Amino acid sequence: MSEVFDVVVGDDVVTSGIDGIYPKGFAIGKVDSVEKSGSAYKQISLRPAVDFDTLEEVLVILTPTPAGQAAAGAAGSKE
């Protein structure tokens, strides 16, 4: 991570949505620790936003990718 970004303990970590796979704004966790790892990197530990020991239900989000849409379209056009 570049030194330009100031990551500190307690920061919220959320999905950015840039990859097109995960929607923007999903909570991932909070920064638990930040350690310098070399001159240009940091080692960052997160505390998950969810307690996996008490998790009873999950929501599966299906976001079609361009490759998946093309495959589905090709499969649907075969008769």
Side-chain angles (χ1 to χ4, degrees):
M1 177 168 277
S2 167
E3 288 295 320
V4 174
F5 298 102
D6 188 22
V7 178
V8 296
V9 172
D11 279 353
D12 290 320
V13 178
V14 297
T15 55
S16 67
I18 321 176
D19 60 8
I21 297 172
Y22 301 103
K24 181 178 181 177
F26 276 7
I28 302 299
K30 283 194 178 286
V31 174
D32 220 14
S33 69
V34 180
E35 297 176 18
K36 206 164 179 142
S37 180
S39 62
Y41 298 97
K42 295 179 182 177
Q43 182 169 336
I44 301 169
S45 297
L46 300 179
R47 184 176 52 253
V50 63
D51 178 0
F52 289 100
D53 290 333
T54 60
L55 195 61
E56 293 182 14
E57 296 180 21
V58 297
L59 172 64
V60 177
I61 298 175
L62 302 176
T63 304
T65 62
Q69 289 175 331
S77 64
K78 295 178 184 176
E79 291 184 22

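Everything quoted here is computed from the prediction, not taken from an experiment.
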S.K.: So which heavy atom on Ile18 is nearest to which on Ser16, and how close?
M.R.: CG1-OG, 2.9 Å

S.K.: Is it possible for you to say whether Val14 and Ile44 belong to one hydrophobic cluster, with membership spreading through side-chain heavy-atom contacts below 4.5 Å?
M.R.: no

S.K.: Going by the salt bridge (charged side-chain N to carboxylate O under 4.0 Å, His left out) test, which pairs reach into residues 22-33, not counting sequence neighbours?
M.R.: Asp12-Lys30, Asp32-Arg47

S.K.: Would you check if Leu46 and Val31 make a side-chain contact, meaning some heavy-atom pair closer than 4.5 Å?
M.R.: yes

S.K.: Should Val34 and Val8 count as side-chain neighbours, where that means a heavy-atom distance under 4.5 Å?
M.R.: no

S.K.: I'd like to know if the side chain of Thr15 reaches the main chain of Phe26, judged simply by a donor and an acceptor atom lying under 3.5 Å from each other, with no hydrogens or angles considered.
M.R.: yes

